[in-house]
Structure formats: C-alpha cells, structure tokens
Engineer: 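Shown below is the structure under consideration.
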Amino acid sequence: GAGVSQTPSNKVTEKGKYVELRCDPISGHTALYWYRQSLGQGPEFLIYFQGTGAADDSGLPNDRFFAVRPEGSVSTLKIQRTERGDSAVYLCASSILAGLGNEQFFGPGTRLTVL
Amino acid sequence: AQSVAQPEDQVNVAEGNPLTVKCTYSVSGNPYLFWYVQYPNRGLQFLLKYITGDNLVKGSYGFEAEFNKSQTSFHLKKPSALVSDSALYFCAVRDRDGGYQKVTFGIGTKLQVIP
C-alpha cells in the first residue's frame with residue numbers, strides 16, 4: 001500500500017511569502033503529526049491531529065504557523081510571512097490509532113528554503 | 001518534560017563486528033521508546049519499540065535494543081554490522097503516563113560501517 005506522501009518535495013520561497021505544505025497520510029490512519037527537522041538535528045514536534053482536530057499544537061513556534069486537517073485525512077501546514085529561520089525539512093507522519101505505543105510512519109519530507 | 005540524549009555524534013564499526021548506538025532518556029512517568037533509521041534522501045523508518053514486558057526487543061534488519069529502567073537507557077544493538085546499516089539513527093521517547101502524544105527525538109547518531 002501507499003505510504004505517507006508529502007508535496008512539494010522542495011519549496012523555495014522569498015522572505016515574507018506564504019507557503020502551504022501538504023501531507024497525505026496512510027489510508028485509515030487517524031493520527032497525523034507534523035515535525036520540523038533542521039540540519040544536524042532530530043525531528044522537532046510541531047502539532048498532532050487526532051481525526052480533524054488538533055489535539056496538541058504545543059510545538060508550533062509562533063502564530064505564523066498553522067495546520068488544518070478538515071476531513072480527517074489530508075493535512076496542510078501553513079506558514080505566513082516566512083522567515084529565513086523557517087528553512088528546514090518539514091516531516092509528516094501518521095499512525096493507525098492514537099494509542100501511545102503506536103509507531104509513526106513518516107513521509108519523505110518537504111525541504112523548505114526561505115531566501 | 002521529556003528528553004532524549006544520544007551521546008555519540010558518530011559511531012564507526014568494522015563490517016561483521018557488533019555495533020551499539022547509545023540512547024538515554026528522561027520522562028516524568030514510564031516511557032514508550034522507539035528507534036528510527038534515516039537513510040540518505042529517504043524518510044525516517046521505524047526499527048523497533050519498547051512498550052512493556054520483555055526488556056529486550058527485536059526489530060527490523062536484525063537490530064535489537066535493551067530497555068534498562070535503572071539506567072534510563074535504550075541502546076540499539078546488532079551482533080554483526082553490515083555496510084548497508086550505515087545511516088542516521090534516532091532514538092525517541094513518549095511519556096506513557098502523561099497522556100500526551102508528543103514524541104521527543106534525539107539529535108541522531110551517524111553509524112558508519114567500514115568494509
């Protein structure tokens with residue numbers, strides 16, 4: 001079956017612009033996560049969805065970052081007024097249930113470069 | 001708060017020799033522990049996890065890890081390293097008792113298997 005997919009694979013934008021990053025989780029997975037991975041670092045938690053609702057958004061760095069999952073499947077991470085410091089690889093992951101012991105399945109990531 | 005430490009930036013091992021990648025963790029309650037591997041230009045892949053029960057867990061590609069509660073460690077091991085094991089390895093923890101979905105990753109350890 002298909003894994004987690006993310007589009008675009010690469011995004012180059014200018015400082016101050018708005019970007020949207022898309023994640024398509026594994027079919028049937030109810031939990032969806034967004035992470036940010038900077039060079040030389042591990043994935044940093046941003047937000048977690050259970051179904052359509054954001055169950056934990058404590059990792060979003062500021063109010064320029066927002067994510068939605070309107071139908072409980074595809075999710076979009078939105079970044080307003082991008083800054084150079086937002087440059088990173090944005091990872092999406094999904095898991096079958098919200099159980100705490102369930103492993104996550106990761107997408108290939110979107111590499112965001114803010115010039 | 002929960003945290004993960006991977007004390008070695010890089011581990012070098014000769015092909016055929018046993019390998020160990022170290023991980024220690026800190027959580028308020030009891031942990032769920034995970035190992036993921038990241039190959040170049042590919043997404044993170046799940047290797048193994050500790051949920052409860054037997055302290056020695058076996059995972060994909062011949063890897064295993066031992067949960068040691070007294071030392072708060074979860075070191076990754078393999079009896080005989082392959083060149084194809086060369087990759088970036090991440091340890092991760094989730095607080096089982098906190099009711100939160102947030103997973104905290106370490107900064108990663110680069111494993112280099114020398115032919």
Engineer: If I measure from the heavy atoms of chain A, does Tyr50(B) come under 4.5 Å with its side chain, its backbone, both, or neither?
Structural biologist: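 Looking at Tyr50(B), nothing touches chain A.
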Engineer: Is the closest side-chain heavy-atom distance between Tyr48(A) and Val103(B) below 4.5 Å?
Structural biologist: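 No, too far: nothing below the 4.5 Å cut-off.
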Engineer: Indicate the atoms forming the closest heavy-atom contact of Glu103(A) with Phe46(B), along with that distance.
Structural biologist: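 Reported closest heavy-atom pair: CB-CD1, 3.3 Å.
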Engineer: Under 4.5 Å heavy-atom distance to chain B, tell me which part of Phe105(A) shows up: side chain, backbone, both or neither.
Structural biologist: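 Interface part for Phe105(A): neither.
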Engineer: Shared ILVMFWY cluster between Phe63(B) and Val57(B), side chains joined below 4.5 angstrom?
Structural biologist: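 As far as the 4.5 Å side-chain criterion goes, Val57(B) and Phe63(B) are connected within one cluster.
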Engineer: Does CZ in Phe66(A) sit with more than 12 non-hydrogen atoms of other residues, nucleotides or ligands closer than 6.0 Å?
Structural biologist: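 No, CZ of Phe66(A) has 12 or fewer neighbouring heavy atoms, counting only those of other groups under 6.0 Å.
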Engineer: About how many Å separate OH of Tyr35(A) and CZ of Phe105(B), when rounded to the nearest 0.5 Å?
Structural biologist: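 These two atoms lie 4.5 Å from each other.
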Engineer: Please check if atom CG in Leu115(A) has more than 12 non-hydrogen atoms from other residues, nucleotides or ligands closer than 6.0 Å.
Structural biologist: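 For Leu115(A), atom CG is crowded (more than 12 foreign heavy atoms under 6.0 Å).
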Engineer: For Asp56(A) and Lys102(B), work out which heavy atoms get closest and say how close.
Structural biologist: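 Taking Asp56(A) first and Lys102(B) second, the nearest heavy atoms are OD2-CB, 4.1 Å.
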Engineer: Are Val89(A) and Leu77(A) joined in one hydrophobic group, where the rule is that I, L, V, M, F, W and Y side chains link up if heavy atoms are under 4.5 Å apart?
Structural biologist: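 Result: no, two separate clusters.
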Engineer: For Glu71(A), is the CD atom crowded, meaning more than 12 foreign heavy atoms sit under 6.0 Å from it?
Structural biologist: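 Counting neighbours around CD of Glu71(A), 12 or fewer heavy atoms of other residues, nucleotides or ligands fall under 6.0 Å, so no.
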Engineer: Where does Gln38(B) contact chain A at under 4.5 Å (heavy atoms): side chain, backbone, both or neither?
Structural biologist: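 Only the side chain of Gln38(B) comes within 4.5 Å of chain A.
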Engineer: Do Leu47(B) and Leu88(B) belong to the same hydrophobic cluster, where Ile, Leu, Val, Met, Phe, Trp and Tyr are linked whenever their side-chain heavy atoms lie under 4.5 Å apart, directly or via other members?
Structural biologist: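 No, because Leu47(B) and Leu88(B) fall into different hydrophobic clusters, even though each may have its own neighbours under 4.5 Å.
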Engineer: Looking at Gly42(A), Pro108(A), Ala55(A), which one has more heavy-atom pairs under 4.5 Å with chain B than the rest?
Structural biologist: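 Answer, by heavy-atom pair count under 4.5 Å with chain B: Gly42(A).
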Engineer: Does Tyr32(B) share a hydrophobic cluster with Leu48(B), counting links as ILVMFWY side-chain heavy atoms below 4.5 Å and allowing steps through other members?
Structural biologist: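 Tyr32(B) does not cluster with Leu48(B).
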Engineer: Counting heavy-atom pairs under 4.5 Å to chain B, which of Gln104(A), Arg111(A), Gln41(A) comes out on top?
Structural biologist: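 If we count pairs closer than 4.5 Å to chain B, Gln104(A) comes out on top.
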